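These notes concern the structure reproduced below.
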Protein chains: 2
Amino acid sequence: MNTAYLSARDPQGYLACPITPITPSASSSALCKMAASGACSVADLCSNVRSNAQASFRIGSINRRTVRRGQALYRAGDTCVNFYQLYAGSLKLRMTNWAGEEQIASFPMPGALLGLDGIETGKYLCDAIALEDARVCVLSLSDLLACSRSGTEAMLQFNRVIARETSHYRRLLMVLANMSSEERIASFLLDLSERMASNGYSSREFILKMTREDIAHYLGMKIETVSRAFTRLQLANILDVRRRHLSIRDLDALKKLGMSH
Amino acid sequence: MNTAYLSARDPQGYLACPITPITPSASSSALCKMAASGACSVADLCSNVRSNAQASFRIGSINRRTVRRGQALYRAGDTCVNFYQLYAGSLKLRMTNWAGEEQIASFPMPGALLGLDGIETGKYLCDAIALEDARVCVLSLSDLLACSRSGTEAMLQFNRVIARETSHYRRLLMVLANMSSEERIASFLLDLSERMASNGYSSREFILKMTREDIAHYLGMKIETVSRAFTRLQLANILDVRRRHLSIRDLDALKKLGMSH
DNA sequence: CGGGACATTGATTAAGATCAATTTAAGTGG
DNA sequence: CCACTTAAATTGATCTTAATCAATGTCCCG
């Protein structure tokens with residue numbers, strides 16, 4: 001088992017996680033495994049859309065797509081015609097300003113709804129790049145609109161999903177505005193840890209799918225600073241970090257640092 | 001006229017602006033002056049909601065509200081039952097984390113739709129504090145939902161309005177993550193300037209309604225740093241800043257600094 | 001005229017950026 | 001399977017920027 005940690009060649013990238021994923025409940029009639037497992041943040045919306053689309057005979061089955069590691073699910077400037085429910089793998093959402101500096105906006109993990117950055121203008125504003133091979137369900141914009149039209153609840157759900165993304169950015173803003181480099185890393189790891197847990201993986205020990213550079217671009221720091229922050233947290237016996245493999249030794253201490261002072 | 005700049009006691013706070021606001025067009029039948037002037041960012045949505053609500057006899061006239069300087073339009077934790085279209089004055093949207101640190105999320109100006117931070121959970125997440133006496137139109141959540149239900153276009157408009165807020169935060173994120181203090185101030189002033197212009201005021205010369213502390217909390221810096229950045233921009237002949245009164249001397253230089261390198 | 005909030009300025013310290021050099025590990029091809 | 005290449009990460013030394021601490025200045029308002 002330990003070798004699995006170190007090699008970690010599995011496409012899903014979660015072999016290294018010591019506990020098994022939550023298995024879907026018995027309701028195999030569910031359209032989506034994730035919804036059944038409770039891990040999906042947009043399960044209600046998603047199943048609403050699907051049943052609506054099926055009812056109107058416009059889709060017969062779930063439309064899936066695989067994105068290989070390093071490939072883009074979509075790119076900034078592409079016309080937004082689809083949203084994507086992520087159900088395996090992870091990505092980075094990357095914005096690039098005209099000076100070529102990049103900023104990572106988020107690291108979507110299974111359960112996330114991708115493509116919301118295309119709503120405002122009808123074109124995506126970010127690149128969605130797979131950090132490892134990933135699988136998504138495709139939700140066409142038209143299906144989603146049809147569904148929203150037919151039910152107030154679905155419409156509200158969709159608004160809330162967009163609003164939740166807004167909250168993510170507001171929170172990140174607070175992190176960048178008020179926290180030291182060590183605190184930012186702590187906050188970042190706590191968030192990752194929680195999301196690993198909500199996907200049924202260990203919250204204490206996992207593989208970082210992103211490079212130090214990605215982390216730096218997410219948290220508004222330089223990669224040397226990221227590296228040094230990891231080192232200091234390790235010296236303080238809060239973490240064990242070795243390249244991409246991370247385990248949390250002292251969760252309370254990490255929380256004290258990361259929960260914004 | 002010059003005395004008006006310096007005293008600036010006007011409740012609306014725009015006396016100091018040398019050019020007059022855009023006057024509403026002749027269509028006095030319009031429900032809202034701002035929509036007629038083209039200054040309102042949510043005009044389509046707003047008029048949609050109003051005409052819908054009137055058609056169903058649920059509102060007879062526009063429901064307005066005044067917020068005095070320093071007062072809250074709403075507070076974090078309040079139940080979200082209304083949205084507010086700002087048509088005069090300006091506010092700050094303030095989040096406070098449990099450690100008591102505050103972060104300014106935005107400085108809404110006329111045309112903005114307020115209250116979107118209440119969508120996700122049904123409770124507002126920010127305090128909306130008037131920086132000067134302000135006037136809003138009240139849009140009840142139920143009116144808005146009723147309208148969205150009855151028309152796909154209104155629904156889409158609403159989604160886009162929420163998504164636009166998300167974009168604001170993404171952009172601010174990039175500012176905090178990548179720019180020096182001077183660049184942040186430049187970027188902030190450019191944004192203010194543009195919004196002043198789109199409200200029909202001078203883009204070159206205006207009064208800052210917010211304190212240095214508010215600016216600091218918006219841009220993730222300390223007030224001394226804000227002050228020094230202003231001073232340096234002044235010394236570089238890019239700005240003229242005297243307390244709250246600001247005029248832009250060299251717009252190109254300001255853009256070079258503020259447009260993210 | 002004087003109190004108090006707001007803003008500026010100066011001196012010093014601390015944090016992170018930058019520059020530069022290794023180290024480590026993973027993938028490649030002979 | 002091993003040497004070689006390369007991307008990623010770490011570490012050290014130094015420099016720059018912004019935070020901090022402290023004092024002073026300015027203006028609004030009663």
Side-chain angles (χ1 to χ4, degrees), chain A residues 3-11 13 16 68-70 92 101 104 131-132 175-186 207-235 239-246 257 261, chain B residues 3-11 13 15-16 69-70 92 101 129 131-132 175-186 207-235 239-246 257 261:
Chain A
T3 56
Y5 284 118
L6 297 175
S7 68
R9 300 281 187 85
D10 58 315
R68 298 256 158 241
R69 178 190 148 129
K92 60 178 174 186
E101 298 165 316
I104 304 299
L131 294 174
E132 57 190 315
V175 168
L176 294 210
N178 297 307
M179 291 171 110
S180 72
S181 61
E182 228 169 284
E183 291 166 338
R184 290 180 205 200
I185 292 289
I207 303 287
L208 300 168
K209 305 302 180 197
M210 65 293 287
T211 66
R212 298 291 190 266
E213 190 175 29
D214 289 332
I215 300 176
H217 285 152
Y218 179 65
L219 294 174
M221 24 202 290
K222 299 293 160 188
I223 82 168
E224 295 95 326
T225 310
V226 171
S227 189
R228 282 187 245 266
F230 274 128
T231 304
R232 268 176 288 150
L233 290 173
Q234 170 135 321
L235 288 175
L239 300 180
D240 231 335
V241 60
R242 206 185 133 78
R243 263 359 148 97
R244 304 287 183 93
H245 183 278
L246 187 133
L257 270 176
H261 303 191
Chain B
T3 55
Y5 285 116
L6 298 176
S7 67
R9 301 282 185 87
D10 59 316
L15 277 186
R69 180 191 148 127
K92 59 179 174 185
E101 298 166 316
I129 312 286
L131 295 175
E132 57 188 315
V175 169
L176 294 209
N178 297 309
M179 291 172 112
S180 72
S181 61
E182 226 168 285
E183 290 167 338
R184 291 180 205 199
I185 292 289
I207 301 288
L208 301 168
K209 305 302 179 197
M210 64 293 288
T211 66
R212 298 291 189 266
E213 190 174 30
D214 289 333
I215 299 175
H217 285 154
Y218 179 65
L219 294 174
M221 18 200 296
K222 300 294 160 186
I223 81 166
E224 296 96 326
T225 311
V226 172
S227 188
R228 282 187 243 268
F230 274 127
T231 304
R232 267 177 289 151
L233 290 173
Q234 170 134 320
L235 288 175
L239 300 180
D240 231 334
V241 61
R242 206 186 134 80
R243 238 59 174 166
R244 303 288 183 91
H245 183 278
L246 187 133
L257 271 176
H261 302 192

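Chain naming here is simple, since letters A, B, ... match the order of the sequence lines and numbering starts at 1 in each. Here the structure is a predicted model, which is why all the values come from computation and not from measurement.
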Is it true that a side-chain atom of Ser227(B) and a backbone atom of Ile223(B) form a donor plus acceptor pair closer than 3.5 Å?
no
How many Å lie between CD1 on Ile185(A) and P on dG16(C), as a whole number?
11 Å
Report for the helix from dC1(C)-dG30(D) to dG30(C)-dC1(D): angle between first-end and last-end helix axes, five pairs each, rounded to 10 degrees.
40°
Separation of dA17(C) atom P from Glu183(B) atom CD, nearest Å, is 14 Å
Rounded off to whole Å, could you give me the CG-to-P distance for the Asn178(B) and dA18(D) pair?
13 Å
Each nucleotide N or O in nucleotides 19-22 of chain D that has a protein N or O under 3.5 Å away: list the pair and distance.
residue, atom, partner, partner atom, Å
dA19(D), OP2, Thr225(B), OG1, 2.3
dT20(D), O4, Arg228(B), NH2, 2.8
dC21(D), N4, Glu224(B), OE2, 3.2

Rounded off to whole Å, could you give me the CG-to-C1' distance for the Leu235(B) and dT8(C) pair?
12 Å
If you measure from CZ on Arg184(B) to CG on Asn178(B), what distance do you get to the nearest 0.5 Å?
9.0 Å
Tell me the closest heavy-atom pair linking Leu176(A) and Ala177(B), and the distance in Å.
CD1-CB, 3.8 Å
Nearest 0.5 Å please: distance from the CG atom of Leu239(B) over to the OG1 atom of Thr231(B).
10.0 Å
Atom CG of Leu176(A) to atom P of dG16(C): distance rounded to whole Å?
13 Å
Met179(A) side, atom CE; Glu101(B) side, atom CD - distance, nearest 0.5 Å
8.0 Å
Between CG of Leu131(A) and CZ of Arg69(A), what distance do you get to the nearest 0.5 Å?
8.5 Å
Spatial distance of atom CD1 (Ile207(B)) from atom CG (Leu246(B)) [nearest 0.5 Å]:
9.0 Å
For Arg232(A), give me all partners under salt bridge (Lys or Arg N to Asp or Glu O under 4.0 Å), at least two apart in sequence or on another chain.
Glu182(A)
Under a 4.5 Å cut-off applied to non-hydrogen side-chain atoms, are Arg242(B) and Asp240(B) in contact?
no
Closest non-hydrogen atoms of Ala229(B) and Ser181(B), given as atom of the first, atom of the second and distance, are CB-O, 4.3 Å
Would you indicate, yes or no, if dT26(D) has its OP1 or OP2 atom less than 4.0 angstrom from a side-chain nitrogen or oxygen of Arg242(B)?
no
Between P of dA7(C) and NE2 of His217(B), the distance in whole Å
12 Å
More 5' along DNA chain D: Glu182(B) or Ser227(A), using each one's nearest nucleotide?
Ser227(A)
Between the protein and nucleotides 15-17 of chain D, list every N/O to N/O distance that falls short of 3.5 Å.
none

Identify all pairs in which a protein N or O lies below 3.5 Å from an N or O of nucleotides 6-8 of chain D, and state each distance.
none

Inter- and intrachain pairs under side chain to side chain donor-acceptor pair (under 3.5 Å), touching residues 212-223 of chain A, at least two apart:
Lys92(A)-Asp214(A), Glu102(A)-His217(A), Thr211(A)-Asp214(A)
Residues that Arg244(B) engages under salt bridge (Lys or Arg N to Asp or Glu O under 4.0 Å), provided they are two or more places apart:
none
Round to the nearest Å and state the distance from Ile223(A) atom CD1 to dT18(C) atom P.
12 Å
Nucleotide dA15(C), atom C1' - distance to CZ of Arg184(A) in whole Å:
11 Å
Matching residue for Ile185(A) among Ile215(A), Leu257(A), Val241(A), Thr225(A) - test: side chain to side chain contact (heavy atoms under 4.5 Å, CB included):
Ile215(A)
